[in-house]
*Asks:* 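Would you mind keeping the following structure in view while I ask a few things?
Just so it is clear, the model here is predicted, and its values are computed rather than measured. Values below: every heavy atom of this structure, side chains too, minus hydrogens, waters and symmetry copies. Protein chains get the first letters and strands the later ones, always in sequence-line order, with residue 1 at the start of each.
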Amino acid sequence: MSEPCTPPILRQNARPIPMSTERKTLDQRAQMSDIERLRHSCAHIMATAILRLWPDAQFAYGPPIENGFYYDFQMQHRITPDDFEKIEAEMKKISKENQKFEWKGISREEAKAMAESGRLGGLSERPGNPSIFKLDLIDKIPEGEQISCFQNGDFIDLCAGPHVGYSGKCKHVKLTSVSASFYMGDETKASLQRVYGTAFESKEELEAHFVRLEEAKKRDHRKLGKELKLFHIDEDVGQGLILWTPNGAILRQELQNFISEELRKQGYSQVFTPHIGKLALYKTSGHFPYYKDSQFAAIVENDDLAKVIHEGCGCGEVMARLGGISAKLRQQLNDRAGKEVVSEENVLPDDQLLDGFMLKPMNCPHHIKIFDSQPRSYRELPVRLAEFGTVYRWEQSGELNGLTRVRGFTQDDAHLFCTEDQVAAEVLGCLSLVKIVLNTLGMTDYRVRVGLRDPDSSKFTGNPEQWDKAEDACRAAAATLGVPFTEEPGEAAFYGPKIDFVIKDVIGREWQLGTVQVDYVLPVRFDLSYIGSDNKSHRPVMIHRAHLGSMERLCGVLIEHFAGHFPTWLAPEQVRILTISEKVDAFADEIFAQLKAAGLRVTLNQDADKIGAKIRNAQLDKVPYMLVLGEKEAAAGGVSVRHAKRGDLGVRSIAEFLAEVTAEVRERKM
RNA sequence: GCUGUUGUAGCUCAGUGGUAGAGCACGUCCUUGGUAAGGACGAGGUCGAGGGUUCAAAUCCCUCCAACAGCUCCA
């Protein structure tokens, strides 16, 4: 969702390169750290244990990963977590046996023979059960490279290593989960079972790892979202559709106000556009029908629907007629793009085409139409159109996750239309804005990824000079940020280079939030122009940018970042007044009115609970300020201040407290 | 979408074929207190939905829905 609206064409070319081509060299493998070596050996020990229990298992890949290891395999029995205990017990035995890990260099012929007999990746020869994955892996080893295997006990595996010396080292291991995976990560290949485990050098480290996981769970935004009543997802409304409850709405609104203020300072114009648009619009932009699978189904116009029903068309037919485009549009698009971007198969005769509406999957076509709604002069540029624009995308159900991966979300989106000479300055402006926002939110653990084109590839459109200029601009802009950045050739969108902000959250997961993308293609597809100082028509350049991805994802990441303890300016409830007894009710009412008048989000707890219970509840609700009011305070006309994280701050005058807190909110202090 | 796990009160969960449970939250009452839980009583459930097995199903079986973990994906 953080890619605001990369237009389509050539999706197949944009697919990630399959894992298999990123083969590590033997030298690279030898550089494994000690802990990776240990975990790699654990994977072999786990395979050994699984073979002892289920001798038919066929193993594929078993690498160390961050925090642990896994092994992929295929066999009759389906592993469930109930089997872990059994496997772990067997692994413990193998560790006690203190098997030596022995390296053996073998010839290609030997390797193949061992795989054919089922010996490779097995405890013994397994007639009639050749090691199919190992055979495939052997074929993938380049000619001339040393083929090697490792043996521990009876288990011989095709493996470049390295390993620990003896299995006795692998004592502190725990299996963590089981899942399905695909051979070589390829959806079309065999489905395998994958068992994950983790291992450490000492028992203490292993335990600490699980404590860390527990801590992370406590900050999970889905858990906190429920506890603090920030949002709700309802089965009857639909998966991945967020209902913002009052507390969450405050959080979101405060963020939005903050971003709006910054946008105004930077010369953006805010716009509003509807949630749907005609199919024809997305056909021009090229998003439909090429991204049909990740969009909500089109909404057919009533008249058209009546007509096709009259003709007796089935749903499939209706969808096909919606998905087609006219020969004329195809011609136009191909001409504008200067190459074949729309194939003939989607062309239908005009009288068979249906029109309809789409829930917008991105905001750019709408913004483009605003730009194009009047003639533009170079004097107006850059035109910066910003919108908190809600878009809808059909994410696969297994990919949905709380607020961070949803089907309807609001981007802090903007599109800049500028001259080619202005690109560098505008990119820089976008980045500095992101930086201001992230710094204010105290999110400093982030890195920047500059996606450049792969010069050898033909998948990128546009001329090389434009590209060089845009890439230089992006690179230079990233360098001024003072945060680590990487250049990733081949990672550009096909229509222009991009800069992504990747935030690391408390659990160490990385989230792509902001993105800035230079685009030379959509201006062509929509035939945009402006009048230059030479009184001739010129093509503007577009910059797509979303600082924070989406309000949903941002809030999700922020909830975990703050563990629910928001800074006062973001806190749904900023102050809670706690009375000690009914005797001070009138005084409390008065203080409450004063704070409210000052614009603070304040509540009053006059329940019959004891003060200890009231404090406890306020702490659990993570309210930053508690004002304890009793007869002492009423007599002195002051308030006892308690801060959720700093504890009892003593008595102050109401004026003093008000001045402090309102300043804290105004300045958006952390 | 794929594999696995889970679904019982608003929340967290117990309940292995025989009359639906606990704690918290909620309501009423008593208590009027000094920095993380005062007490009593009460209300609250078609056990995710639908089908099946059984004299009998929250419990066993099937299908669907949803959540979670991982995989794949993310314009």
*Asks:* Can you measure A/Asp609 atom CG to B/C30 atom P for me and round it to whole angstrom units?
*Replies:*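 So the two atoms are 15 Å apart, to the nearest Å.
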*Asks:* On a whole-Å scale, what distance lies between the C1' atoms belonging to B/G15 and B/U59?
*Replies:*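 Nearest-Å result for B/G15 against B/U59 at atom C1': 9 Å.
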*Asks:* Can you tell me the base-pairing partner of B/U32? Count Watson-Crick or G-U wobble geometry only, both distances below 3.5 Å, and say none if there is no partner.
*Replies:*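 None - no nucleotide pairs with B/U32, as no candidate has both distances under 3.5 Å.
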*Asks:* If you check every side-chain atom of A/Asn401, which of B/U32, B/A69, B/G38 has the closest atom?
*Replies:*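 Of the options given, the side chain of A/Asn401 lies nearest B/A69.
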*Asks:* May I ask you to verify if any side-chain N or O of A/Gln396 is less than 4.0 angstrom from the OP1 or OP2 atom of B/U72?
*Replies:*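 For A/Gln396, the contact criterion (side-chain N or O under 4.0 Å from OP1 or OP2 of B/U72) is not met.
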*Asks:* Closest nucleotide of RNA chain B for A/Val628 versus for A/Ser397: which of these residues is on the 5' side?
*Replies:*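 Going by which nucleotide is closer to the 5' end, it is A/Ser397.
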*Asks:* A cation-pi test, strictly: NZ or CZ of A/Arg194 under 6.0 Å from the centre of the six-membered ring of A/Tyr70 and no more than 45 degrees from its axis. Yes or no?
*Replies:*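 Here A/Arg194 passes the 6.0 Å and 45° test against A/Tyr70.
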*Asks:* How many Å lie between CD1 on A/Ile615 and C1' on B/U35, as a whole number?
*Replies:*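 Checked: the CD1 to C1' distance equals 3 Å.
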*Asks:* What integer number of Å spans the C1' atoms of B/C11 and B/C64?
*Replies:*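 It works out to 27 Å between them.
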*Asks:* Does A/Ala608 reach a base, just sugar-phosphate, or nothing at all? Heavy atoms under 4.0 Å.
*Replies:*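 Base contact.
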*Asks:* Which base, if any, makes a Watson-Crick or G-U wobble pair with B/U54, both distances under 3.5 Å?
*Replies:*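 None - no nucleotide pairs with B/U54, as no candidate has both distances under 3.5 Å.
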*Asks:* Taking the P atom of each, how far is B/U54 from B/U46, in whole Å?
*Replies:*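 Looking at atom P only, B/U54 and B/U46 are 28 Å apart.
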*Asks:* What about A/Glu633, does its side chain sit under 3.5 Å from the base of B/G34 through a donor-acceptor pair?
*Replies:*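 When only heavy-atom distances are counted, A/Glu633 does reach the base of B/G34 through a donor-acceptor pair under 3.5 Å.
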*Asks:* If I pick the P atom on B/A40 and the same atom on B/U31, what distance separates them, to the nearest angstrom?
*Replies:*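 It comes out at 15 Å once rounded to the nearest Å.
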*Asks:* Write down the partner of B/U59 under the Watson-Crick or G-U wobble criteria, each distance required to be under 3.5 Å.
*Replies:*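 Here B/U59 is not engaged in any pair, so there is no nucleotide opposite it.
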*Asks:* Of the candidate nucleotides B/A37, B/C73, B/U35, which contains the atom at the shortest distance from the side chain of A/Glu399?
*Replies:*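 Side chain of A/Glu399 sits closest to B/C73.
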*Asks:* Using atom C1' of each nucleotide, how far apart are B/C2 and B/C73 to the nearest Å?
*Replies:*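 So the two C1' atoms sit 12 Å from each other.
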*Asks:* Hey, does the side chain of A/Lys217 come within less than 4.0 Å of B/C68's phosphate (OP1/OP2), counting only N and O?
*Replies:*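 So the side chain of A/Lys217 is outside the cut-off, no N or O lying under 4.0 Å from OP1 or OP2 of B/C68.
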*Asks:* Can you check the distance between B/A49 and B/U8, where both ends of the measurement are the C1' atom (answer in whole Å)?
*Replies:*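 Each nucleotide's C1' atom is 15 Å from the other's.
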*Asks:* With sugar-phosphate meaning primed atoms plus P, OP1 and OP2, does A/Gln239 contact a base, only sugar-phosphate, or nothing at under 4.0 Å between heavy atoms?
*Replies:*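 Sugar-phosphate only.
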*Asks:* Would A/Arg652 and A/Glu660 pass as an ion pair if we require N to O under 4.0 Å?
*Replies:*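 A salt bridge is present here (some side-chain N lies under 4.0 Å from a carboxylate O).
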*Asks:* Measure the distance from CZ on A/Phe73 to P on B/G70 and round it to the nearest whole Å.
*Replies:*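 The distance from CZ of A/Phe73 to P of B/G70 comes to 18 Å, rounded to the nearest Å.
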*Asks:* Can you work out whether A/Gly398 or A/Lys632 has the more 5'-proximal nearest nucleotide on RNA chain B?
*Replies:*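 With A/Gly398 and A/Lys632 compared, the 5'-side residue is A/Gly398.
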*Asks:* Now, which nucleotide makes the Watson-Crick or G-U wobble pair with B/G17, with each of the two distances under 3.5 Å?
*Replies:*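 Base partner found: none.
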*Asks:* Would you classify A/Thr176 as touching base, sugar-phosphate or nothing, given that sugar-phosphate means primed atoms plus P, OP1 and OP2, and contacts are heavy atoms under 4.0 Å?
*Replies:*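 If one applies the 4.0 Å heavy-atom cut-off, A/Thr176 turns out to touch nothing in the nucleic acid.
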*Asks:* Is there a side-chain contact (heavy atoms from CB on, under 4.5 Å) between A/Leu403 and A/Leu554? Walk through the geometry before answering.
*Replies:* CA-CA 8 Å; A/Leu403 291 178; A/Leu554 174 66; over 6 Å; no
*Asks:* Grab the CG-P distance between A/Asp621 and B/G10 for me, whole Å please.
*Replies:*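 For the pair A/Asp621 CG and B/G10 P, the rounded distance is 20 Å.
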*Asks:* Could you please name the option among B/G38, B/G34, B/A36 that lies closest to any side-chain atom of A/Ala613?
*Replies:*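 Of all the options, the side chain of A/Ala613 is nearest to B/G38.
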*Asks:* Does OP1 or OP2 of B/A69 have a side-chain N or O of A/Arg222 closer than 4.0 Å?
*Replies:*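 Result: yes.
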*Asks:* Could you walk me through whether A/Lys614 and A/Thr579 pass the side-chain hydrogen bond (donor to acceptor under 3.5 Å, both in side chains) check?
*Replies:* CA-CA 9 Å; A/Lys614 290 185 184 183; A/Thr579 54; 3.0 Å; yes
*Asks:* Rounding to a whole Å, what distance do you find between A/Glu235:CD and B/G10:P?
*Replies:*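 For the pair A/Glu235 CD and B/G10 P, the rounded distance is 14 Å.
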*Asks:* Could you please name the partner base of B/A22, counting Watson-Crick and G-U wobble pairs only when both distances are under 3.5 Å?
*Replies:*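 B/U12 - that is the nucleotide pairing with B/A22, both distances being under 3.5 Å.
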*Asks:* Check this for me, if you would: do A/Glu399 and A/Arg405 make a salt bridge, where the nitrogen-to-carboxylate-oxygen distance has to be below 4.0 angstrom?
*Replies:*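 Counted as a salt bridge, because a side-chain N and a carboxylate O are separated by less than 4.0 Å.
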*Asks:* Between A/Lys583 and A/Asp585, does any side-chain N to carboxylate O distance fall below 4.0 Å?
*Replies:*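 Salt bridge flag = no for A/Asp585 with A/Lys583.
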*Asks:* Checking base pairs now: Watson-Crick or wobble, both atom distances under 3.5 Å. What partners B/A37?
*Replies:*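 Paired with B/A37, as far as the under-3.5 Å criterion goes, is no nucleotide at all.
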*Asks:* Take the protein atom CG of A/Asp72 and the nucleotide atom C1' of B/G70, then report the distance between them rounded to whole Å.
*Replies:*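 In whole Å, B/G70 C1' lies 11 Å from A/Asp72 CG.
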*Asks:* Do the charged groups of A/Asp621 and A/Arg576 touch, with an N to O distance under 4.0 Å?
*Replies:*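 Result for this pair is yes, salt bridge flagged.
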*Asks:* Go ahead and name the base partner of B/A43; Watson-Crick or wobble counts if both distances stay under 3.5 Å, otherwise write none.
*Replies:*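 Partner of B/A43: none.
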*Asks:* Only pairs with both distances under 3.5 Å count, Watson-Crick or wobble alike; so what is the partner of B/C2 in this structure?
*Replies:*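 Paired with B/C2, as far as the under-3.5 Å criterion goes, is B/G70.
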*Asks:* Centres of the A/His40 and A/Phe69 rings: under 6.0 Å?
*Replies:*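 No.
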*Asks:* For atom P, what is the distance between B/G38 and B/A43, given to the nearest Å?
*Replies:*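 Straight-line distance between the two P atoms is 24 Å.
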*Asks:* Whole-Å distance between B/C74 P and A/Leu403 CG?
*Replies:*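 Computing the A/Leu403:CG to B/C74:P distance gives 22 Å.
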*Asks:* Determine the Euclidean distance between corresponding P atoms of B/C13 and B/A56; express it in Å to zero decimal places.
*Replies:*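 Straight-line distance between the two P atoms is 34 Å.
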*Asks:* Identify which nucleotide among B/A66, B/U32, B/C74 has an atom closest to any side-chain atom of A/Arg405, counting heavy atoms from C-beta outward.
*Replies:*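 Output: B/C74.
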*Asks:* Using a cut-off of less than 4.0 Å, is there contact between a side-chain N or O of A/Tyr70 and OP1 or OP2 of B/C71?
*Replies:*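 Looking at the OP1 and OP2 atoms of B/C71, neither is under 4.0 Å from any side-chain N or O of A/Tyr70.
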*Asks:* Rounded to whole angstroms, how far apart are NZ on A/Lys622 and C1' on B/A36?
*Replies:*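 Atom NZ in A/Lys622 sits about 12 Å away from atom C1' in B/A36.
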*Asks:* Tell me whether the OP1 or OP2 atom of B/C24 has a side-chain N or O from A/Asn617 closer than 4.0 Å.
*Replies:*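 For A/Asn617, the contact criterion (side-chain N or O under 4.0 Å from OP1 or OP2 of B/C24) is not met.
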